Amino acid sequence: MVEPTEQDSEQTAPQKLTEEREFEKILQFIKSSFKLDLTSYRRNFVFRHLRSRMHDVRCPTASRYISLLQEKPEELRDFVDTLSINVTHFFRDADVFGTFAKTIVPEIMKAKGDGEQKLIRVWSAACASGQEPYSIAILLKELFADKPQILIKIVATDVDSDALARAEKGEYDIRDFRETDKKLLDKYFTPVYNKCYRINDDVRRLVRFQKHNLLTDEPLKFIDVIFCRNVMIYFSREQQDLLFRKFHQGLGFNGYLIIAKVETVWDKALFSVVDSNHKIYQKIA
Ligand SMILES: C[S@@+](CC[C@H](N)C(=O)[O-])C[C@H]1O[C@@H](n2cnc3c(N)ncnc32)[C@H](O)[C@@H]1O
């Protein structure tokens, strides 16, 4: 496989520009033909993987690669897999979910007071194929098993329609459960066929999936907790700043934001740190 950074440094400026134009053509083709917008990801990141993929499938030009995508549309999934942008699993970083359940949820419920009915609203932003929102639903179901007066609403969004279709289907390979307690797997999933499990309807009905672009669409509003994990690493610093402003608008008073361990909230005026280890933040009013 070509070492992309080496090739980068060998290129002259005009060569680089030509290559970038070719790559842009491919991204536009993918956007218009497959409705998958890869143009919001950091260019260097996408280009590096595109260069490497085109080398592996022996397509030296944009037109050759576009022809390949037309003849063999499965190529798109293979390319996207090389970006690892859809990678996820149930209870990814289980300690974060544990802290959410033990510390954050009780704080949210306390702040809601003693009313008859209470609603907790969670937004799983960039939910991929649904493992994150279903994990949250399972956790909340476990926590509120004997509290029917507490209503749970989870809105799960992603820009990728294929990922959302997989989420709606709710069938998962056993490898997706590597951080899942066996008791929860048995309780909330039904084995369907060879090492595959389907989410049960009592969990499924707590989650509503919706197509949504984090960078261009308006944020959801009046949210108690936003999970947005393992997506902003692919965005530029400006895009991340925009996203934090949107999340600030989307959260209700004192709402929480949970990001991935490798990610950081830059703007200290918008959010205070609640748990730096688990990357949990709280909205500053
Ligand atoms: C690695 S997955 C993260 C899944 C889950 N949050 C987790 O941490 O396991 C990243 C997801 O971000 C989605 N994504 C990328 N750009 C997006 C955008 N601009 N708006 C919404 N979702 C986006 C991708 O489609 C992908 O499903």
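All residue numbers in this chain count up from 1 along the given sequence. What you see is a predicted model, and the numbers here were worked out from it, not measured in a lab. Indexing begins at 1, ligand by ligand and atom by atom, following the structure's order.
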Report the C-alpha distance between Tyr256 and Leu251 in whole Å, list the side-chain angles of each, state the deciding distance to 0.1 Å, and finish with yes or no for side-chain contact (heavy atoms from CB on, under 4.5 Å). CA-CA 7 Å; Tyr256 292 88; Leu251 284 169; 5.8 Å; no
I'd like to know whether ligand 1 has Phe227 as a neighbour, heavy-atom separation below 4.0 Å. no
May I ask you to check whether Lys35 and Ser161 show a side-chain donor-acceptor distance below 3.5 Å? no
Considering Ile85, Asn86, Asp160, which one's heavy-atom position lies nearest to atom 2 (S) of ligand 1? Ile85
Please state whether Tyr41 comes within less than 4.0 angstrom of ligand 1, counting heavy atoms only. yes
Using a 4.0 Å heavy-atom cut-off, say whether Phe235 meets ligand 1 through its side chain, its backbone, both or neither. side chain
Should one rank Ile233, Val159, Asn213 by closest heavy-atom distance to atom 17 (C) of ligand 1, which comes out on top? Val159
If you measure from the Lys or Arg side-chain nitrogens to the Asp or Glu carboxylate oxygens, is any gap between Glu22 and Lys25 under 4.0 Å? yes
Part of Arg229 within contact of ligand 1 (heavy atoms, under 4.0 Å): both
Flag the pair Asp186 and Lys183 as a salt bridge only when some basic side-chain nitrogen lies within less than 4.0 angstrom of an acidic carboxylate oxygen. no
Extract all donor-acceptor atom pairs below 3.5 Å that involve side chains of residues 140-157 and protein atoms in other chains or at least two apart in sequence.
| from | atom 1 | to | atom 2 | distance (Å) |
| --- | --- | --- | --- | --- |
| Glu142 | OE2 | Lys187 | NZ | 2.6 |
| Glu142 | OE2 | Tyr188 | OH | 2.6 |
| Thr157 | OG1 | Trp123 | NE1 | 2.8 |

Using residues 97-105 as the side-chain source, report each donor-acceptor pair under 3.5 Å to any protein atom, sequence neighbours left out, with the distance given to one decimal.
| from | atom 1 | to | atom 2 | distance (Å) |
| --- | --- | --- | --- | --- |
| Thr99 | OG1 | Asp95 | O | 3.0 |
| Thr99 | OG1 | His278 | ND1 | 3.3 |
| Thr103 | OG1 | Thr99 | O | 3.3 |

Contact check, His212 vs ligand 1, heavy-atom distance below 4.0 Å: yes
